Amino acid sequence: MDSFFEQVYEVVRQIPEGRVASYGQVARLVGAPRKARFVGFAMHASPGMGGGIPCHRVVFKDGSLATGFAFGGPNIQKEMLLDEGISFRDETHVDMEACRWEA
DNA sequence: CTTATGACTATGA
DNA sequence: TTCATAGCCATAA
């Protein structure tokens, strides 16, 4: 199954704990900087942590979460990120400047 | 071929 | 800073 999704999963899987990456960032790593939307769609269809896909570490470029489409609420993802050591500048934005994943 | 839709991003108010 | 709009690419109808 070498589909676009698998490439995204492979990259997302490499995101270490306490780090976050934007959709566009992952998209660029897979060689598709314009397909950021599909990266998000891949996350939606991803098996989640059970499949080794920490989709909660993938956030918007601003550091905001996928409000309305997260695991049951952006609050959940926020808790997960906090649990991994991610810093939040406010209720809806992650401290990207400090937790930005560096490939 | 033309529209519509989408876990996005950039730009402008 | 937050909200709104436009542009982007891939898939479906």
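For the numbers below, each heavy atom of this structure counts, side chains included, while hydrogens, waters and symmetry mates do not. From a predicted model like this one, the values you see are computed outputs, not experimental measurements. Every chain is numbered from 1, with letters handed out A, B, ... down the list of sequences.
Expressed to the nearest 0.5 Å, how far CE of Met43(A) lies from CZ of Arg57(A) amounts to 12.0 Å. To the nearest 0.5 Å, the span separating CG on Asp95(A) from CG on Leu81(A) amounts to 12.0 Å. Note that CG of Leu82(A) and CD of Gln77(A) are 10.5 Å apart. Values are rounded to the nearest 0.5 Å.
Both Phe5(A) and Ile53(A) belong to a common hydrophobic cluster when Ile, Leu, Val, Met, Phe, Trp and Tyr are linked at side-chain heavy-atom distances under 4.5 angstrom.
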Side-chain donor-acceptor pairs under 3.5 Å in residues 24-39 of chain A, sequence neighbours left out?
none

Quiz: residues 96-103 of chain A side-chain donor-acceptor pairs under 3.5 angstrom, not counting sequence neighbours:
none

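Within a 6.0 Å radius of CZ in Phe41(A), other residues, nucleotides and ligands contribute 12 heavy atoms or fewer. Around atom CD of Glu84(A), more than 12 heavy atoms belonging to other residues, nucleotides or ligands sit under 6.0 Å away.
Computed from coordinates, the Phe60(A) CZ to dT11(B) P distance equals 17 Å when rounded to whole Å. Here the P atom of nucleotide dA10(B) and the OH atom of Tyr23(A) are 14 Å apart, to the nearest Å.
Applying the ring pair (Phe, Tyr, Trp, His ring centres under 6.0 Å) test to pairs two or more places apart or on separate chains, those with a residue in residues 54-86 of chain A are Tyr23(A)-Phe60(A), His44(A)-Phe69(A).
Once you apply a 4.0 Å limit to the heavy atoms of chain A, the touched nucleotides of DNA chain C run 5' to 3' over dT2(C) to dA10(C).
Judged by distance alone, the side chain of Tyr9(A) and the main-chain N or O of Gly52(A) form no donor-acceptor pair under 3.5 Å.
A gap of 15 Å separates the P atoms of dG12(B) and dC8(C), to the nearest Å.
The partner of dA7(B) cannot be assigned: no Watson-Crick or G-U wobble pair with both contacts below 3.5 Å exists in any strand.
Residues from residues 31-52 of chain A lying near DNA chain C, meaning a heavy-atom separation below 4.0 Å, are Arg34(A), Lys35(A), Arg37(A), Phe38(A) in numerical order. Using a 4.0 Å cut-off on heavy atoms, the residues of residues 82-103 of chain A that approach DNA chain C are His93(A), listed by number.
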